[in-house]
J.: 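Would you mind keeping the following structure in view while I ask a few things?
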Amino acid sequence: MVAQADGTVVIGWTDLGNPANGDWEDILYNVSTDGGASWEAEEVRVDDDESHTARSTGMQMDLQDGDLYFSWSDYRMGLGDIFFRRVSL
């Protein structure tokens, strides 16, 4: 979770889906602009592989001047690679 003085709060998490189906992790986030009193109706997915098909772990998140920065380990190409994404709020 990260927050700014203006009341913006962002929570990020890893969603495993259904492990019984062989699902892997997806990385998601949601945003509140009122200090966490309410949240956007839909979460946003960060990783861009086909949903629940690659292992995405170790997510780190930062919020600076209205931009979210994510990094994580992703195994879609076999060995773990570091991925990065910037999202403007």
J.: What's the shortest heavy-atom distance between W13 and N30, and which atoms?
T.: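 Closest heavy-atom pair between W13 and N30: CZ3-N, 3.8 Å.
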
J.: Taking atom CG as the centre, does D65 end up with more than 12 heavy-atom neighbours from other residues, nucleotides or ligands that are less than 6.0 angstrom away?
T.: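 At most 12 heavy atoms, drawn from other residues, nucleotides or ligands, come within 6.0 Å of this atom.
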
J.: What's the shortest heavy-atom distance between R55 and E25, and which atoms?
T.: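 The answer is CG-OE1, 3.0 Å.
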
J.: Considering all heavy atoms of both residues, which atom of S32 and which atom of A37 are nearest to each other, and what is their separation?
T.: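 In this case the closest contact between S32 and A37 is OG-N, 3.9 Å.
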
J.: Are F83 and V44 joined in one hydrophobic group, where the rule is that I, L, V, M, F, W and Y side chains link up if heavy atoms are under 4.5 Å apart?
T.: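 Same cluster: F83 reaches V44 through Ile, Leu, Val, Met, Phe, Trp or Tyr contacts under 4.5 Å.
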
J.: I need the minimum non-hydrogen distance between W72 and T57, along with the two atoms involved.
T.: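 Heavy-atom minimum between the residues: CB-O, 3.5 Å.
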
J.: Could you tell me the separation between the CG atom of D15 and the CH2 atom of W24, rounded to the nearest 0.5 Å?
T.: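 Reported value, rounded in 0.5 Å steps: 14.5 Å.
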
J.: Which atom names give the shortest non-hydrogen contact between V31 and W39, and what distance separates them?
T.: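 Taking V31 first and W39 second, the nearest heavy atoms are C-CE3, 3.4 Å.
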
J.: Under 4.5 Å between side-chain heavy atoms, chaining through other members, with only Ile, Leu, Val, Met, Phe, Trp and Tyr counted: pull out the rest of the cluster around F84, sorted by chain and number.
T.: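 Members alongside F84: Y69.
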
J.: Pair Y29, V87 - check side chain to side chain contact (heavy atoms under 4.5 Å, CB included), show working.
T.: CA-CA 11 Å; Y29 74 93; V87 177; 3.1 Å; yes

J.: State, yes or no, whether a side-chain contact exists between M1 and V9 at a heavy-atom distance under 4.5 Å.
T.: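 Side-chain contact under 4.5 Å: yes.
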
J.: Working to the nearest 0.5 Å, report the span between CD of E40 and CG of L89.
T.: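 Rounded to the nearest 0.5 Å, the CD-CG separation comes to 9.0 Å.
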
J.: Just wondering, do M61 and L68 contact through their side chains at under 4.5 Å, heavy atoms?
T.: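 With C-beta onward as the side chain, the pair touches.
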
J.: State plainly whether one hydrophobic cluster holds both F70 and V2, where clusters connect Ile, Leu, Val, Met, Phe, Trp and Tyr through side-chain heavy atoms under 4.5 angstrom apart.
T.: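 In one cluster: yes.
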
J.: Using 0.5 Å steps for rounding, measure from the OG1 atom of T14 to the CG atom of D47.
T.: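 Between atom OG1 of T14 and atom CG of D47 there are 8.5 Å.
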
J.: By the salt bridge (Lys or Arg N to Asp or Glu O under 4.0 Å) test, which pairs, at least two apart or in different chains, include something from residues 71-89?
T.: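 For residues 71-89: D48-R76, D49-R76, D67-R86, D74-R76.
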
J.: Restricting to non-hydrogen atoms, name the atom on L63 and the atom on A3 that form the minimum distance, rounded to 0.1 Å.
T.: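 Here L63 and A3 meet closest at CD2-C, 4.2 Å.
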
J.: Are side-chain heavy atoms of S56 and D26 found at a separation under 4.5 Å?
T.: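 No, too far: nothing below the 4.5 Å cut-off.
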
